[in-house]
**Q** 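The structure's right below; bear with me while I get my questions together.
Order of the sequence lines fixes the chain letters, A, B, ..., with proteins taken first and strands second; residue numbering starts at 1 for each chain.
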2 protein chains.
Amino acid sequence: MPRSGEDARRRLQDAALALFRERGYDHTTTAEIAAQAGVTERTFFRHFPDKREVLFESQEKLATALTQAIAEAPQDLSPMAVLQRAFQQVAPRFEANRSYSLPRQELIERTPILKERETSKLGALSQTLAVSLERRGIDGFRAQLAARSGMAIFALVLDAWFKDPSRSLADYFSRAFVELGRL
Amino acid sequence: MPRSGEDARRRLQDAALALFRERGYDHTTTAEIAAQAGVTERTFFRHFPDKREVLFESQEKLATALTQAIAEAPQDLSPMAVLQRAFQQVAPRFEANRSYSLPRQELIERTPILKERETSKLGALSQTLAVSLERRGIDGFRAQLAARSGMAIFALVLDAWFKDPSRSLADYFSRAFVELGRL
DNA sequence: GTCTATACTGAGATAGAC
DNA sequence: GTCTATCTCAGTATAGAC
């Protein structure tokens, strides 16, 4: 059994998703997850501050990628155009990982306490986006408004794409931004 | 000690807010809240499914009011105009209760786990608004998009108004909807 | 790695309103 | 009598302290 922290971390994440899907989130104990991953319960809490967090590492990476994409966008783009560009840039992450992200999303949708954590993470993410937009010289209120509306689109588009992947994410994003302009 | 459930419920809510503000959310136990309200801990959990929920009854009422306002709006209004109208109609609730809602909001802002619950409640609320808009014949995707962007404005405006109440909520709402149009 | 506080649950008994 | 709010008791799991 390797003692590399990263390895144990991934085993914990895999075990958690598998067990949650099998028995449901609240009928799975952290002890069971740890056992299946070959570590002690204490190790679970060393890697993740609470039981839910084991499913949300991908969102941290997403935040980093989006922040970078916004910082690198051409200066003459409008706030919404910057966001649209950033979203398009991270879209491949989802399309490449549908076999992981879809079951994960299904689990989250049917588990209120996980849904709550996800919504909260998306809220924090929109806060991060707002800060990134402000760094480009956009005034605070507009940055917040753009970031929050942008995240609304982001969540909505992913949701639609999970349900019907026959259209590409890029396509969904384009249409959604056009729709928002019309409203 | 009266047996009316409503009375105990209100005592629990009052005790909870008072104690949370005094000692902080996580240094207050459900047993202490129950004791201060003159009931047992078990009774706390009969009224509220978890410790956080004791602070969120007002949001349920808000959802009802908004739903009704949307249903009653004139048929020729655009989705965003319907939302703007509904928000303006519920604004007085906040302005009349600033002495309650401001300390509550401050507590929520400085307590991550409460912030998480609030964000999640607002997400659920936007879902409710989307359904209300669909009932007016607006197509699903546009209804969702309008509802989420609308909630973004709602949260952002309330936040700004809590920080600076020198302008009216009506004023904040008008300006925010105009700003969104420009983005 | 061990120990403990506390959030939360379940089941059965009691008390008051009707 | 029914119904509902509450209490009592016993327990489990998470998370944090040591």
**Q** Phosphate oxygens OP1/OP2 of D/dA13: is one of them under 4.0 Å from a side-chain N or O of A/H27?
**A** no

**Q** Whole-Å distance between D/dT14 C1' and A/E32 CD?
**A** 13 Å

**Q** Whole Å only: how far is the CZ atom of A/R46 from the P atom of C/dT2?
**A** 11 Å

**Q** Between C/dA17 atom P and B/E6 atom CD, what is the distance in whole Å?
**A** 16 Å

**Q** The criterion is salt bridge (Lys or Arg N to Asp or Glu O under 4.0 Å); which residues satisfy it with B/D139, sequence neighbours excluded?
**A** none

**Q** Show every ring pair (Phe, Tyr, Trp, His ring centres under 6.0 Å) that has at least one partner inside residues 14-43 of chain B, sequence neighbours left out.
**A** B/F20-B/Y25

**Q** Any pair with a residue in residues 52-69 of chain A that passes side chain to side chain donor-acceptor pair (under 3.5 Å), sequence neighbours left out, goes on the list, sorted by first then second residue, please.
**A** A/R9-A/E57, A/Q13-A/E57, A/R52-B/E116, A/E53-A/R117, A/E53-A/K121, A/E60-A/K121, A/Q68-A/E72

**Q** For residues 80-95 of chain A, dump all side-chain donor-acceptor pairs below 3.5 Å to protein atoms at least two apart in sequence or in another chain.
**A**
unit_1 : atom_1 : unit_2 : atom_2 : d
A/Q88  : NE2    : A/A170 : O      : 3.3
A/E95  : OE2    : A/L169 : N      : 2.9

**Q** Could you give the CD1-to-P distance, from A/I33 to D/dA15, as a whole number of Å?
**A** 10 Å

**Q** My understanding is that only residues two or more places apart in sequence, or in another chain, count here; which of them pass salt bridge (Lys or Arg N to Asp or Glu O under 4.0 Å) with A/R46?
**A** none

**Q** Reading nucleotides 4-9 of chain C from the 5' end, what letters show protein touch, with B for base, S for backbone sugar-phosphate only, - for no heavy atom under 4.0 Å?
**A** ---SBB

**Q** Assess whether a salt bridge exists between B/R10 and B/D14, defined as any Lys/Arg side-chain N lying under 4.0 Å from an Asp/Glu carboxylate O.
**A** no

**Q** Taking CD1 from A/I113 and P from D/dT14, how many angstroms apart are they, rounded to a whole number?
**A** 11 Å

